[in-house]
Amino acid sequence: MKKALVFIWVLMFTFLFSNVFAQEKSLGKFYKIQLKVLDSLSGISLPAATAQISKHRHFHFTDDNGLVTLDSVKSGLNLVQVSFVGYHSFEKVLDVRADMILEVLLCPTNFHLHEYTVHSHELTEFGSENQSRIKLSALQIQRTSAMVFSDLFKQIPGMQTLSSGPAISKPIIRGLHSNRIALFNNGTKLESQSWGAEHGPEIDPFSANEIELIKGAASVEYGPEAIGGVIKISPKPYRQLVGIDGVVSMNAYSNNKAFAFSNLLNGTHGIKRHFNWRLQSSYKIGGDSKAPNYVISNTGFKETDLNFSSLYQISEAFGIEITGSYFQNELGIMRAAHISSTSDLKKAISSSKPLIEFPFSYEINRPKQNVTHNILAAKLNYDYPQLGKIRLMYAYQMNHRMEYDRGVSWNPASLTHTLPAYDLKLYSGNFDLQFEHKEFRKITGKMGATYLTQSNISSGTQKPIIPNFIAQTFGVFIFERYKSGRWNLEAGARFDSRFQSVYQRISSTSINEIKKNFSGLTFVASSAFHLSSELQIQFTQSSAWRAPAVNELYSYGLHNGLASFEIGNENLVPEFAYNSDLAFKWKTDFVSIDFNLFKNTINNFIYAKPDTNATLTLRGAFPTFRFTQTNADLSGFEFQVAKPLSKRFLLNLSYSFLYANDVTNNQPLIYMPANRLKSSIVLNQSKWKYFTDIFSSIDFESVFRQNRFVEGLDYVAPPPAYFLINFQTAFTVQTKLSNMSFVIGVRNLMNNSYRDYMNRFRYFTDEPGRNIYLSVQFPIQYYQTKKLKS
Amino acid sequence: MKKIFLYLFIFSIISFASCKKDEAKNPEVNNAQEQITSVYLSIVNQSNVNETYLVKWKDLDGDGGNVPSIDTISLNNNNEYKVDILVLDESKNPIDTVSSEILEEADVHRFFFTASNEIKDMFNTTYLDFDSKNRPVGLSFKIKVNSSNTSWPVFGNLNVTLSHYDGVEKDNNPSSESDLDINFPVRISR
């Protein structure tokens with residue numbers, strides 16, 4: 001059924017385009033291409049290099065900074081040529097549809113490596129430049145070889161993961177996670193049951209080409225929930241040239257004997273009509289993870305992903321893009337962590353190893369999760385030459401989460417053995433209208449309106465953990481930037497309002513309806529000052545809010561994984577975050593330093609507070625938590641130094657520090673990540689024998705003990721500090737057929753036994769032991785209209 | 001022409017989303033939930049079969065909500081009692097007799113009875129029923145009270161745990177998965 005649905009989507013959009021294709025009219029239009037010409041090895045800009053568009057028959061020369069502007073470039077395909085004495089000349093056919101900025105890296109003639117990067121205006125969306133952000137490039141993502149989405153972030157200062165055993169994890173930004181982080185997949189905000197600690201984001205890490213992380217409150221641009229930060233996942237840009245190409249990648253992991261197969265196809269058709277498409281799919285399978293001394297039973301997983309995008313430029317100004325994704329997984333939940341009684345929990349905690357252990361297997365038994373997430377989005381872009389760009393987007397999402405518990409032991413024929421305990425369906429429709437205006441007196445900016453409608457349907461054999469609800473959120477925002485000389489000033493404001501109706505069944509004949517409305521006004525103001533080309537200082541003051549989530553308002557029941565009884569609070573009010581962020585960047589040839597200082601003050605911070613009265617059940621007395629609000633303060637810093645040791649070696653050092661306090665009660669906030677120190681020695685070499693693009697890195701990671709916790713609130717005190725060594729190497733082998741890229745790495749090289757405070761299953765098991773992984777990636781070329789000389 | 005398809009496409013998605021609203025407004029009636037709401041102990045004094053009574057541990061509305069109602073087991077020194085356990089799901093109509101299902105699954109279930117320290121030395125339990133491999137079950141058992149104590153009454157607790165053995169062989173030790181874990185107050189008189 002679900003597969004049929006995917007097929008229908010594909011059919012629908014091909015149908016749509018086969019009709020759209022018929023009417024096509026091209027208007028002659030001119031664009032600017034700005035080039036920056038650099039030496040590919042040293043990165044030094046090359047003055048007086050010649051640049052030309054083959055149609056133009058005249059040359060341009062780069063200035064002292066290696067810059068040159070080619071104006072009056074006709075839309076469509078253009079051959080750009082750049083040459084300089086002593087360097088290989090550069091030639092590339094560009095499909096020009098907007099003003100472009102290109103960085104051209106010329107290689108000295110005694111070298112063979114050719115690189116170029118293209119930044120097309122069409123692909124970059126206007127957004128804040130000042131707020132603390134980190135970008136993960138395609139290369140970094142490939143080298144991480146992450147099987148689970150959140151593992152991509154483990155290396156970034158200020159980021160951690162919240163996990164529930166080896167296969168389930170979600171990202172934490174500066175101590176905040178779940179519905180305090182907004183995740184965007186290819187422009188669509190992921191709408192899922194993100195409130196649950198054991199609900200990992202429904203995103204395939206192999207679909208990501210670039211990931212952008214924004215640390216700190218960012219509601220103005222990204223809407224409610226962006227209290228801790230934003231993660232934006234972008235797929236690979238469309239091909240610039242006519243033709244089809246692709247990438248196939250295969251990954252294998254030793255610890256859980258996991259395999260992942262992923263491929264990507266990219267096509268561009270029509271010289272004047274520009275039809276671009278991209279199809280990406282992944283399949284992953286993994287068995288039980290192994291801690292150094294035992295198997296962590298029932299932690300296998302299976303995942304199938306499919307992503308597609310297609311862009312059709314109907315005219316110079318008007319484009320339509322349709323994207324979709326299908327995500328489906330099945331995840332085993334560690335068997336020994338499924339606790340039903342308090343005495344079982346005490347027994348499990350006092351045992352040095354999990355009480356239930358089976359031999360390694362790929363089999364996924366109950367307890368388990370089964371999640372499907374589908375997205376279908378349509379974007380219309382219209383470019384008014386004098387005014388700016390208008391973008392209208394509609395995204396439809398369906399999240400279906402099924403959580404299976406063990407079922408009742410006394411009745412093998414019971415429905416609790418076949419049906420999920422919790423069956424949650426969340427349907428979301430999101431309209432997004434945005435207008436990006438052209439520069440006006442050094443001011444650029446955007447404004448927009450959003451509308452989100454959601455329906456949640458909750459069923460299953462257990463009492464629903466969250467009730468059915470219908471919610472509608474309206475939002476309007478404006479964001480402007482003033483750029484002059486050394487200053488970059490940004491400011492914005494936003495208003496959102498959420499209308500929520502909850503439906504609870506009281507009896508077979510009556511339903512209780514509760515209506516609520518939450519609103520929030522947020523702002524952002526920031527400035528960046530370039531003291532010199534090497535030194536930059538940024539300061540951002542921003543705010544964010546979120547309405548209390550339905551589980552915080554209405555949940556009532558036992559969490560098997562946490563062995564706690566959670567009680568929602570209907571009277572919760574929205575939480576508001578006020579974030580100050582000071583960033584300092586110093587980049588020279590001999591050292592580069594990044595320092596970020598932050599203070600995130602959250603008023604009415606919602607958390608589960610332990611109740612003095614336990615809940616007595618037929619399976620013992622469970623500790624009880626009631627959702628309540630306090631004022632919280634999360635402050636800290638991230639410090640990063642990169643120091644080249646020689647031409648090839650680089651030393652990296654980073655430290656992240658977080659101090660999270662419950663201001664009202666003057667005590668530490670619980671479950672906050674510990675501070676960590678990471679250092680790595682990196683080798684970069686462009687060529688050695690048959691290998692090119694050689695990269696090697698050995699990482700030393702120290703995670704300290706979280707000493708800030710409230711005594712007696714948790715069953716077990718935070719685990720001790722631990723130390724890990726990771727190693728990885730990546731290189732490319734050039735064969736006649738193709739360039740094959742390899743990544744070989746080891747995580748937890750010394751096979752240490754350790755537990756992490758941010759793993760909810762730390763009561764029951766150690767973290768996985770040594771994991772050796774291998775990743776092979778090679779490009780495939782189907783056809784291309786013009787062969788480029790290299 | 002082509003725009004019509006686009007509108008049609010968007011419209012179809014919107015109408016699809018809105019029909020889900022009606023489903024959301026009408027939460028389903030939950031019938032599949034199976035649980036234990038009550039445990040009854042039928043206690044018969046072996047030296048005086050007329051002395052029979054029922055003790056309950058009952059939580060009709062499931063976990064949380066109203067506090068469970070719990071009775072006290074009253075015993076006399078130097079007496080022997082036969083106890084039968086009745087486990088019910090009284091939230092169902094008709095009431096589901098879980099204990100008869102436990103009996104059918106006796107090979108993977110066993111009750112354990114643990115007396116608290118105050119009464120441990122004067123309190124003795126013996127299993128009266130056994131599974132297909134002759135291992136104890138505990139739906140039926142005997143309590144023997146015997147003490148030379150002089151100050152009465154004595155108060156204590158009896159913990160009744162139902163262990164489920166899944167993937168592990170049933171033996172004399174409680175498993176790590178309990179279906180029941182309840183305490184009855186106990187009063188022992190002279």
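In this text the structure is predicted, and so the values were computed from the model without any measurement. Proteins come first, then strands; the chains are lettered A, B, ... in the order of their sequence lines, and each starts at number 1.
Atom CD of residue Glu23(B) and atom OH of residue Tyr503(A) lie 13.5 Å apart, to the nearest 0.5 angstrom. To the nearest 0.5 Å, atoms CG (Asn411(A)) and CD (Glu101(B)) are separated by 4.5 Å. With rounding to the nearest 0.5 angstrom, the CD1 atom of Ile102(B) is 7.0 Å from the OG atom of Ser409(A). Note that CG of Asp59(B) is 7.5 Å distant from OG1 of Thr617(A), once rounded to the nearest 0.5 Å.
Considering only heavy-atom pairs separated by less than 4.5 Å from chain B, the leading option among Phe358(A), Phe469(A), Tyr556(A) is Tyr556(A). Contact tally against chain B (heavy-atom pairs below 4.5 Å) for Ile470(A), Val502(A), Ile356(A), Thr615(A): the top residue is Ile470(A). The candidate with the highest count of non-hydrogen atom pairs below 4.5 Å against chain A, out of Glu28(B), Lys25(B), Glu104(B), Lys58(B), is Lys25(B). Between chain B and the options Val408(A), Ile567(A), Thr342(A), the largest number of non-hydrogen pairs under 4.5 Å is found for Val408(A).
Smallest separation of non-hydrogen atoms from Pro27(B) and Ile511(A): CD-CD1, 3.8 Å.
In this structure, chain B has a heavy atom under 4.5 Å from the backbone of Gln504(A), while its side chain stays farther away. Interface residue Asn26(B): backbone and side-chain heavy atoms are both found under 4.5 Å from chain A. If you measure heavy-atom distances from Lys463(A) to chain B, the contacts under 4.5 Å come from both the backbone and the side chain. At a 4.5 Å heavy-atom cutoff, the contact between Leu616(A) and chain B is made by backbone and side-chain atoms alike. Only the backbone of Gln35(B) comes within contact range of chain A, with at least one heavy atom under 4.5 Å from a heavy atom of that chain. For Ser99(B), no part lies under 4.5 angstrom from a heavy atom of chain A.
Using a 3.5 Å distance cut-off with no hydrogens or angles, the side chains of Glu34(B) and Thr416(A) do not pair a donor with an acceptor.
Taking non-hydrogen atoms and a 4.5 Å limit, the residue list of residues 105-139 of chain B in contact with chain A, ordered by number, reads Glu105(B), His109(B). The contact list for residues 160-190 of chain B toward chain A, using heavy atoms and a distance under 4.5 Å, reads His164(B), Asp166(B), Gly167(B), Pro174(B), Ser175(B), Ser176(B), Glu177(B), Ser178(B), Asp179(B), Leu180(B), Asp181(B), Ile182(B) by residue number. Heavy-atom proximity under 4.5 angstrom to chain A picks out nothing from residues 71-90 of chain B. Contacts between residues 144-153 of chain B and chain A, defined by a heavy-atom separation under 4.5 Å, are made by no residue at all.
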Just do the side-chain contact (heavy atoms from CB on, under 4.5 Å) check on Ile36(B) and Trp410(A) with the steps written out, would you?
CA-CA 10 Å; Ile36(B) 294 172; Trp410(A) 54 86; 3.5 Å; yes
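Within the 4.5 Å cutoff, side-chain heavy atoms of Val39(B) are placed close to those of Leu618(A).
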